[in-house]
Participant: 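Have a look at this one before I ask anything.
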There are 2 protein chains.
Amino acid sequence: MSRRSTPLLLVNTGHGKGKSSSSFGVLNRAWHQGWRCGVYQFVKSGKWKIGERVAAETLSASEVGGTIDWFSVGDGWTWTSRDLEESADLAREGWEEVKRRIADETYDFLLLDEFTYPMTFGWVDTAEVIEVLRTRPGHQHVFITGRDAPAELVELADLVSEVTKVKHPFDAGIKAQPGIEW
Amino acid sequence: MSRRSTPLLLVNTGHGKGKSSSSFGVLNRAWHQGWRCGVYQFVKSGKWKIGERVAAETLSASEVGGTIDWFSVGDGWTWTSRDLEESADLAREGWEEVKRRIADETYDFLLLDEFTYPMTFGWVDTAEVIEVLRTRPGHQHVFITGRDAPAELVELADLVSEVTKVKHPFDAGIKAQPGIEW
């Protein structure tokens, strides 16, 4: 890792589509640099992001670039989950794991996908997240995605993009389909 | 390809970062479906998107998913290019090639990266692009990225996301760096 580069905190937020996809595109770049990449997926349900996961595993196994470890923190909870307490516990466990990895500098590039939700739901303490990220040792890029990024996170971040919906196929009655939505 | 799915026209526009990255994330999904994917990169300069390109080539070679062909249409022109006429010719040639591929149904998923610029610069005829996309045969998903998507394109598209800049490291004097910007 070049000493001249700056460790960045990147945030993709907003209610439009493409926040996670965009972060996975940047993950490809990080992999290409030969970096050790860690993906923590804080929302998981069914086929969601399986394409990205298989792509990441294939890239990691190729030995062309760096490595990508992928962890699904969630238990498949969705907006209609009836077991929110368990979801909260799993999110908290995920964050504890991420904290350990940051302290150990396990990864050069950490992608915390959909991590705004545990913060906005109050499952993890936003102030603690901010402090851990602000004081992270060494040279660790961190990319966080999800709607409604907390103001403190936006304040700390180096790059913040907001994705807004202009038009969505669901509006026209077109269903989600493989290859596009997952 | 499932008969039940709908061929989509996807557009990522706006002045924020993540438009192309997001489309490359969706490319990973398309690849995972086993689709024949074609990437036409209408802006190319130096190290730009080399990470994504190597990732795409690695995925394509893995034989885990589908194939990804990657073409760089541009000649490295940038906003300061002094040879705009040549750039215009190259963009037009790229579009002619894409038209042939659409007519032949060479790809299941076509990514036309930064393709709004040749339209907004008047190098290719937007009305013709719209007509070719509207009447494209078979089942071809098309994803177009770039700032200032023409209104006719937004009108035709099934999904349009706009990426806006909230904050960018350049504003704080942080330079572009490998693994993040390319």
Side-chain angles (χ1 to χ4, degrees), chain A residues 1-2 4-6 8 10-14 16-33 35 49-52 54-59 61-62 64-65 108-109 141 154 157-169 172 174-175 177-182, chain B residues 1-2 4-6 8 10-14 16-33 35 49-52 54-59 61-62 64-65 108-109 141 154 157-169 172 174-175 177-182:
Chain A
M1 183 88 53
S2 166
R4 290 170 55 210
S5 63
T6 308
L8 296 178
L10 314 169
V11 174
N12 269 359
T13 192
K17 282 189 66 66
K19 297 183 290 293
S20 294
S21 299
S22 172
S23 70
F24 290 115
V26 176
L27 175 68
N28 286 2
R29 295 179 189 165
W31 163 85
H32 175 248
Q33 290 296 317
W35 293 349
K49 284 163 198 161
I50 191 170
E52 287 92 330
V54 174
E57 289 168 349
T58 302
L59 291 174
S62 73
V64 173
D108 303 307
F109 181 90
H141 295 297
V154 170
D158 301 291
L159 186 149
V160 182
S161 286
E162 182 169 5
V163 185
T164 56
K165 182 185 88 165
V166 179
K167 193 190 246 187
H168 196 286
I174 299 174
K175 291 182 181 170
Q177 44 186 316
I180 302 297
E181 298 286 333
W182 66 80
Chain B
M1 183 87 55
S2 164
R4 290 169 55 210
S5 64
T6 308
L8 296 178
L10 313 170
V11 174
N12 269 0
T13 192
K17 282 190 66 66
K19 296 184 290 294
S20 293
S21 299
S22 172
S23 70
F24 290 115
V26 176
L27 176 68
N28 285 3
R29 296 179 188 165
W31 163 85
H32 175 249
Q33 289 297 317
W35 293 350
K49 282 162 200 164
I50 192 170
E52 287 92 329
V54 175
E57 289 168 349
T58 303
L59 292 175
S62 73
V64 174
D108 303 307
F109 181 90
H141 295 297
V154 170
D158 301 291
L159 186 149
V160 182
S161 286
E162 183 169 4
V163 185
T164 56
K165 182 185 88 164
V166 177
K167 192 190 249 186
H168 195 285
I174 300 174
K175 290 182 180 169
Q177 46 186 315
I180 302 297
E181 297 286 333
W182 65 79

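Source: prediction; values computed, not measured. Here is the naming used below: chain letters follow the sequence lines, and residue numbers restart at 1 for every chain. Any value given below was found using the heavy atoms of this structure, including those in side chains, with hydrogens, waters and symmetry copies removed.
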Participant: Could you tell me which of A/Thr13, A/Ile174, A/Thr58, A/Val154 has the largest number of non-hydrogen atom pairs under 4.5 Å with chain B?
Facilitator: A/Thr58
Participant: Got a second to check how far B/Ser62's OG is from A/Glu57's CD, nearest 0.5 Å?
Facilitator: 12.0 Å
Participant: With a 4.5 angstrom heavy-atom cut-off, which part of B/Val64 approaches chain A: side chain, backbone, both or neither?
Facilitator: side chain
Participant: Please examine the side chains of A/Leu159 and B/Ile180, heavy atoms only from C-beta on, and report whether any two atoms are closer than 4.5 Å.
Facilitator: no
Participant: Between chain A and each of B/Gly65, B/Gly14, B/Gly18, count heavy-atom pairs under 4.5 Å; write down the option with the most.
Facilitator: B/Gly18
Participant: To the closest 0.5 Å, what do you measure between CD1 (B/Ile50) and NE2 (A/His32)?
Facilitator: 5.0 Å
Participant: With a 4.5 angstrom heavy-atom cut-off, could you sort out which part of A/Val11 is near chain B: side chain, backbone, both or neither?
Facilitator: neither
Participant: To check you understand the geometry: which heavy-atom pair defines the closest contact between B/Ala55 and A/Leu59, and what is its length?
Facilitator: O-CD2, 3.5 Å
Participant: Just give me the residue among A/Gly179, A/Ala30, A/Gly16, A/Ala61 that pairs up with chain B most often, heavy atom to heavy atom, under 4.5 Å.
Facilitator: A/Gly179
Participant: For the residue pair A/Ser161 and B/Val163, what are the closest heavy atoms and their distance?
Facilitator: CB-CG1, 3.8 Å
Participant: Between B/His168, B/Lys17, B/Glu52, B/Lys19, which residue shows the highest count of heavy-atom pairs closer than 4.5 Å to chain A?
Facilitator: B/Glu52
Participant: Given a strict heavy-atom distance threshold of 4.5 Å, which part of A/Leu8 is in contact with chain B: side chain, backbone, both, or neither?
Facilitator: side chain
Participant: Is it the case that the side chain of A/Gln33 and the backbone of B/Pro178 share a donor-acceptor pair, with hydrogens and angles ignored and the cut-off at 3.5 Å?
Facilitator: no
Participant: Given that the side chain runs from C-beta out, which part of A/Val26 has a heavy atom under 4.5 Å from chain B: side chain, backbone, both or neither?
Facilitator: both
Participant: With no hydrogens and no angle check, is any side-chain donor or acceptor of B/Ser22 less than 3.5 Å from a backbone partner on A/Ser21?
Facilitator: no
Participant: Less than 4.5 Å to any heavy atom of chain A: does that hold for the side chain of B/Leu27, its backbone, both, or neither?
Facilitator: neither
